[in-house]
Amino acid sequence: MPKLKHDSQSEKYRWPQGARPCGSCVRLRISAPEGANCTLRLWTEKGEEKLPMRLRGYMDDAFLYEITLTLPEEPVILWYTFLVDADGEMLWYGNNPEGLGGEGQVSPHLPPSFQITVYDRAYTVPSWMHDGVMYQIFVDRFCDGGAPLLDKKPGLVTHASWDEKPNEYSNAPLGSNLGHDFFGGNLAGVIQKLPYLRKLGVTVLYLNPIFDAQSNHKYDTGDYTHVDPTFGTNEDFVRLCRAARANGIRVMLDGVFSHTGDNSVYFNRYGLYDSVGAYQSKDSPYASWYRFRDYPEEYDCWWGVKTLPEVDENCRSYRDFIIYNEDSVVAQWIARGASGWRLDVADELPDDFICELRARVKLENPEAAVLGEVWEDASNKVAYGQLRSYALGRSLDSVMNYPLRTALLNFFTGRGTARDFARTVNSLHENYPPQMFYALMNLIGSHDRARALNALSGLSGEDAPKETWRDLELDGPHYRMARQRLMALFALVCALPGMPTIYYGDEAGMQGAGDPYNRGTYPWGHEDQELIAFYARTIARRRAEPLWRRGALALLAPHPDVLLVVRRVENGRDALGERAHNGCVLFAINRSQTPLTLLLDPNDPRLAPFARRLGEIALPPLTPIYFKA
């Protein structure tokens with residue numbers, strides 16, 4: 001079989017690298033036998049195009065065929081493969097089976113395609129996202145600010161002690177939603193703890209939903225226009241934003257726009273609101289927001305959960321309310337001081353809804369951001385049979401980086417190698433515009449997953465029977481192992497592009513299996529102070545050195561247990577095209593329990609500055625190593 005090669009992550013075969021702006025040019029090459037006929041196959045949703053390639057010359061024992069493309073003027077995902085006729089044998093060359101880019105595969109049939117993300121030239125992302133450190137707060141469980149607020153909403157199940165574990169209380173007759181137990185955390189408590197967050201190094205707060213709702217998690221919105229009375233008032237939110245800004249911190253809100261609660265102003269299934277809800281009357285001003293199959297009991301609901309009726313985001317009155325009205329939901333909360341929105345289940349919202357929402361947010365405040373919940377590569381996400389690219393520059397500013405979270409946990413628990421980790425990150429680097437890649441929400445824990453320490457211990461509980469979750473506690477050896485892994489993991493996150501993100505309490509040693517035990521109360525007075533100090537030092541290192549935030553990335557995997565992160569600025573420009581001082585830094589981590597000595601290759605241009613000075617690096621187990629050239 002003829003020897004063919006294309007590597008989408010090598011400058012030899014594709015230049016410039018990565019996602020590219022509309023109207024720019026990209027040179028593509030493939031190595032093939034002399035005399036071969038090479039054709040580039042391009043594909044977009046508009047159809048296929050085949051373009052002949054020319055023999056460029058000979059390099060590194062191979063004949064190179066090339067073509068230079070002028071990319072489309074409109075944002076699009078451009079897919080490409082190669083068709084090669086070598087001595088009458090027709091072969092395809094395309095992406096690897098995992099679709100991760102880099103070196104591909106030869107196939108007798110059409111293989112997966114390589115990807116070029118062609119994004120809007122005008123695409124910009126607020127610079128504070130590129131430099132930010134995010135902290136996620138589940139408000140009921142973070143801090144009780146001392147105000148007696150729980151009595152403002154009748155029928156709640158309240159805990160007698162802050163130190164109790166969450167329960168799965170159901171509040172009949174309001175359906176089977178299990179998020180009905182409360183501890184009393186509120187916005188006043190968040191304000192109270194801003195000095196702690198500032199000292200930790202946090203610059204962005206992401207609050208789980210704070211609007212009026214029946215549950216403790218508030219993903220069943222009851223009224224988009226008011227803070228839930230158990231959390232405080234709209235004025236308390238204004239106070240929080242002002243106090244946060246005084247501490248150098250911005251506040252992002254969680255927008256749940258794919259569904260509401262059945263116990264809401266808009267649906268009012270139980271008649272508890274002073275409104276005529278869609279459930280009560282077909283003449284309700286909100287009736288067109290919902291899709292009824294057999295009025296009023298059969299209606300579309302989120303993932304079949306009857307307490308969460310789905311809204312029709314294409315309904316004009318709903319869009320007016322959320323986006324277009326002078327005092328629309330997204331506008332009024334920006335006016336109160338929010339710095340942006342995280343969109344719950346973004347891939348279940350229409351593309352144009354997201355684009356128009358972001359446009360309105362930017363109209364209110366050009367420095368506000370819209371970040372989406374997407375669990376896969378957001379540049380080529382397929383949802384409900386449709387390609388949903390969020391990386392074209394007209395919808396989201398950034399997304400939650402769940403692929404990174406999976407790769408981190410796999411690497412540090414031995415389920416994946418350093419090469420596996422590097423391939424995942426390099427694929428995202430290739431597919432996302434730099435504006436997005438350097439603003440990703442690089443989470444480790446979240447309200448939807450087991451606590452980081454549990455996941456890193458191997459005792460997450462998510463795979464165990466749910467009835468065992470409540471009593472799952474790490475013993476001393478498991479806690480110490482998981483803690484050491486977590487420190488190494490967080491140091492790695494802080495060495496990568498994107499916003500390092502802390503799920504409240506992970507830095508304090510919180511444990512918890514799946515929901516609701518991953519949503520326990522912050523252990524004030526019982527924190528792991530050494531772990532907090534490590535987080536603070538690691539964040540301070542990142543914030544003090546622009547190279548860790550904005551330097552171009554090279555990620556190397558010289559050993560299955562070793563990752564090297566090189567961040568560089570050359571020619572006076574950082575990875576985002578901004579003026580910056582030249583420099584180069586190196587981060588190394590050995591995830592094994594065995595010390596390793598790594599010899600640096602002086603012929604690798606990424607390592608040459610360090611190889612000439614160091615020659616080798618001693619790598620103790622799970623200990624972050626830093627160097628500056």
Side-chain angles (χ1 to χ4, degrees), residues 98-101 115 117 125 129 132-136 138 204 206 208 217 219 252 254-256 258 303 341-349 354 369-384 387-391 395-413 415-416 420-433 436-456 460 462-463 485-486 489-490 492-494 496-504 506 512-515 518-519 553 555:
E98 300 81 13
L100 292 176
Q115 173 181 332
T117 304
V125 170
M129 299 183 79
V133 175
M134 180 177 276
Y135 193 90
Q136 178 185 348
F138 195 91
V204 185
Y206 153 45
N208 285 107
H217 54 71
Y219 284 97
M252 289 193 75
D254 205 332
V256 185
S258 69
W303 285 49
W341 291 88
R342 177 262 192 191
L343 299 184
D344 185 57
V345 291
D347 53 6
E348 298 184 21
L349 301 172
I354 295 176
V370 178
L371 185 151
E373 179 192 14
V374 182
W375 287 56
E376 300 82 12
D377 182 332
S379 72
N380 55 36
K381 163 78 175 181
V382 175
Y384 303 100
L387 177 64
R388 306 288 298 279
S389 180
Y390 300 105
S395 58
L396 299 172
D397 287 295
S398 190
V399 293
M400 302 176 75
N401 198 354
Y402 273 103
L404 175 66
R405 177 188 183 273
T406 300
L408 286 164
L409 295 179
N410 285 346
F411 176 63
F412 282 101
T413 59
R415 296 192 299 269
D420 295 330
F421 179 89
R423 291 185 72 204
T424 295
V425 175
N426 287 336
S427 178
L428 298 175
H429 193 191
E430 177 179 3
N431 292 344
Y432 289 162
M436 175 178 276
F437 185 71
Y438 280 73
L440 291 170
M441 178 182 168
N442 288 343
L443 71 158
I444 306 166
S446 88
H447 62 286
D448 286 323
R449 283 290 179 260
R451 284 279 173 177
L453 282 172
N454 291 69
L456 289 167
S460 72
E462 289 182 342
D463 298 326
R485 286 174 171 175
L486 179 58
L489 184 155
F490 187 70
L492 173 57
V493 169
C494 286
L496 294 170
M499 289 186 291
T501 300
I502 304 165
Y503 182 46
Y504 78 100
D506 277 355
D515 176 18
N518 56 355
R519 302 175 182 182
L553 171 70
L555 188 58

Picking from N208, T501, D254, what satisfies side chain to side chain donor-acceptor pair (under 3.5 Å) with Q136?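 Of the listed options, the one satisfying the test is N208.
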Quick one: sort the [X] and [Y] rings into parallel, tilted or perpendicular, breaks at 30° and 60°.
{"X": "F138", "Y": "Y504", "result": "parallel"}
{"X": "H447", "Y": "Y503", "result": "tilted"}
{"X": "W375", "Y": "Y402", "result": "parallel"}

Exercise: identify the closest heavy-atom pair between [X] and [Y]:
{"X": "N518", "Y": "A513", "answer": "CB-O, 3.2 Å"}
{"X": "L428", "Y": "P403", "answer": "CD1-CB, 4.1 Å"}
{"X": "M129", "Y": "A439", "answer": "CB-CB, 3.7 Å"}
{"X": "A391", "Y": "N431", "answer": "CB-O, 4.5 Å"}
{"X": "A452", "Y": "I444", "answer": "CB-CG2, 3.8 Å"}
{"X": "A455", "Y": "T413", "answer": "O-CG2, 3.8 Å"}

Any donor-acceptor pair under 3.5 Å linking the side chain of [X] with the backbone of [Y]?
{"X": "D506", "Y": "I502", "answer": "no"}
{"X": "R388", "Y": "V382", "answer": "no"}
{"X": "R485", "Y": "L456", "answer": "yes"}
{"X": "D397", "Y": "V125", "answer": "no"}

Would you check if L409 and L489 make a side-chain contact, meaning some heavy-atom pair closer than 4.5 Å? yes
Compare all side-chain heavy atoms of T424 with those of T406 and state whether any distance is below 4.5 angstrom. no
If you measure from the Lys or Arg side-chain nitrogens to the Asp or Glu carboxylate oxygens, is any gap between K381 and D347 under 4.0 Å? yes
Partner of M400 by side chain to side chain contact (heavy atoms under 4.5 Å, CB included), out of L343, V374, L371: L371
Please list, chain by chain and in numerical order, all residues satisfying side chain to side chain donor-acceptor pair (under 3.5 Å) with N401, sequence neighbours excluded.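 Listed in chain order: N442.
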Listed by chain and number, what are the ring pair (Phe, Tyr, Trp, His ring centres under 6.0 Å) partners of F412, not counting sequence neighbours? none
Between D377 and S379: side-chain donor-acceptor atoms closer than 3.5 Å: yes
Evaluate the side-chain contact (heavy atoms from CB on, under 4.5 Å) criterion for residues D515 and D448: first the C-alpha distance (whole Å), next the side-chain angles of each, then the deciding distance (0.1 Å), finally the verdict. CA-CA 7 Å; D515 176 18; D448 286 323; over 6 Å; no
